[in-house]
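One structure below.
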Amino acid sequence: QVQLVESGGGLVQAGGSLRLSCAASGRTLATRAVGWFRQAPGKEREFVAGISWSGGSTQYADSVKGRFTISRDNAKNTLYLQMNSLKPEDTAVYYCAARGGGLVVPGPSDYNFWGQGTQVTVSS
């Protein structure tokens, strides 16, 4: 089992920045691909960014490319999402997730372990 706990969400003005963290306990994240997803009210959960087990491969949703950066520190068993140039449409609950394999895939159903989520609100 892997337990994931997100932190770093909050209220920010458009154009601002936030850094989300996801701390893992239980089994190591080091062999797993991990990702960030988000869900806005009335919408389906969507893929935001993912990173392979080694950190050597990353993927981003088109809507966040160039603004968000995903990273990981396997020694700390922690995942990060640096979010810059935030827009009101980025408002959502953000979840970190881990999967059994080491490669990034964008589908939520491919991830076995989920955090409880952290709210990000961007005001215009």
Side-chain angles (χ1 to χ4, degrees):
Q1 283 291 80
V2 177
Q3 292 80 41
L4 302 172
V5 178
E6 302 96 337
S7 61
L11 173 65
V12 64
Q13 288 188 330
S17 299
L18 283 173
R19 188 192 195 205
L20 304 183
S21 298
C22 174
S25 60
R27 293 189 177 184
T28 179
L29 283 181
T31 60
R32 304 175 184 273
V34 287
W36 288 96
F37 294 78
R38 66 187 182 187
Q39 189 165 18
K43 295 187 176 181
E44 293 187 353
R45 191 168 298 189
E46 64 174 359
F47 175 80
V48 175
I51 187 167
S52 64
W53 70 275
S54 66
S57 176
T58 57
Q59 285 187 30
Y60 296 91
D62 289 342
S63 58
V64 306
K65 280 181 182 176
R67 300 188 297 122
F68 290 11
T69 302
I70 189 171
S71 61
R72 66 189 298 165
D73 186 335
N74 285 344
K76 294 183 178 179
N77 229 18
T78 302
L79 174 69
Y80 305 97
L81 185 68
Q82 177 67 44
M83 305 187 295
N84 299 328
S85 302
L86 283 160
K87 305 175 180 179
E89 51 264 43
D90 294 318
T91 295
V93 177
Y94 283 70
Y95 300 90
C96 65
R99 63 185 301 265
L103 302 180
V104 178
V105 292
S109 61
D110 291 304
Y111 290 76
N112 309 97
F113 306 102
W114 292 83
Q116 83 290 349
T118 185
Q119 177 71 47
V120 171
T121 303
V122 184
S123 63
S124 57

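For reference, positions follow the sequence shown, starting with 1.
- Of all heavy-atom pairs between Arg99 and Val105, the closest is NE-CG2, 3.3 Å.
- Taking CZ of Arg27 as the start and CZ of Arg32 as the end, the distance is 6.5 Å to the nearest 0.5 Å.
- Note on Leu4 and Leu18: same hydrophobic cluster, where clusters join Ile, Leu, Val, Met, Phe, Trp and Tyr whose side-chain heavy atoms are under 4.5 Å apart, directly or indirectly.
- How far CZ of Arg19 is from OG of Ser71: 6.0 Å, rounded to the nearest 0.5 Å.
- Pairs passing the salt bridge (Lys or Arg N to Asp or Glu O under 4.0 Å) check and including a residue from residues 38-60, sequence neighbours excluded, read Arg38-Glu46, Arg38-Asp90.
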Please report the C-alpha distance between Tyr95 and Gln39 in whole Å, then the side-chain angles of each, then the deciding distance to 0.1 Å, and finally whether the side chain to side chain contact (heavy atoms under 4.5 Å, CB included) criterion is met. CA-CA 8 Å; Tyr95 300 90; Gln39 189 165 18; 4.2 Å; yes
Going through the distances and angles, do Val122 and Glu89 end up as a side chain to side chain contact (heavy atoms under 4.5 Å, CB included)? CA-CA 8 Å; Val122 184; Glu89 51 264 43; over 6 Å; no
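- Considering all non-hydrogen atoms of both residues, Trp114 and Pro108 come closest at CZ2-O, 3.4 Å.
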Check the pair Tyr60 / Arg67 against side chain to side chain contact (heavy atoms under 4.5 Å, CB included), numbers first and verdict last. CA-CA 10 Å; Tyr60 296 91; Arg67 300 188 297 122; over 6 Å; no
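- Hydrophobic cluster membership differs between Tyr111 and Val64, with clusters built from Ile, Leu, Val, Met, Phe, Trp and Tyr side chains linked at under 4.5 angstrom.
- Remark: Lys65 NZ to Gln59 CD distance equals 8.5 Å, nearest 0.5 Å.
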Determine whether Leu79 and Leu81 satisfy the following criterion, side chain to side chain contact (heavy atoms under 4.5 Å, CB included), listing intermediate values before the conclusion. CA-CA 7 Å; Leu79 174 69; Leu81 185 68; over 6 Å; no
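- Across all their heavy atoms, Gly56 and Ser52 have their closest contact at N-OG, 3.4 Å.
- Residues Val104 and Val48 do not share a hydrophobic cluster, clusters being chains of Ile/Leu/Val/Met/Phe/Trp/Tyr side chains in contact below 4.5 Å.
- Considering every non-hydrogen atom in both Ala24 and Val2, the closest pair reads CB-CG1, 4.2 Å.
- Phe37 is not connected to Ile70 by any chain of hydrophobic side-chain contacts under 4.5 Å among Ile, Leu, Val, Met, Phe, Trp and Tyr, and they are in different clusters.
- Using modelled atom types, one side-chain atom of Asn77 and one backbone atom of Leu29 make a donor-acceptor pair closer than 3.5 Å.
- Going from atom CD1 of Ile51 over to atom OH of Tyr80 covers 11.5 Å, rounded to the nearest 0.5 Å.
- Residue Ser124 comes nearest to Ala14 through the heavy atom pair CA-CB, 4.4 Å, listed as atom of the first residue, atom of the second, then distance.
- Note: Thr28 OG1 to Asn74 CG = 6.5 Å, rounded to the nearest 0.5 Å.
- Panel note: side chain Gln1, backbone Gly26; no donor-acceptor pair is recorded below 3.5 Å.
- Atoms OG and CZ, from Ser17 and Phe68 in turn, are 9.5 Å apart once rounded to the nearest 0.5 Å.
- Met83 is not connected to Phe47 by any chain of hydrophobic side-chain contacts under 4.5 Å among Ile, Leu, Val, Met, Phe, Trp and Tyr, and they are in different clusters.
- Across Gly117 and Val93, no two heavy atoms sit closer than the pair CA-CG1, 3.8 Å.
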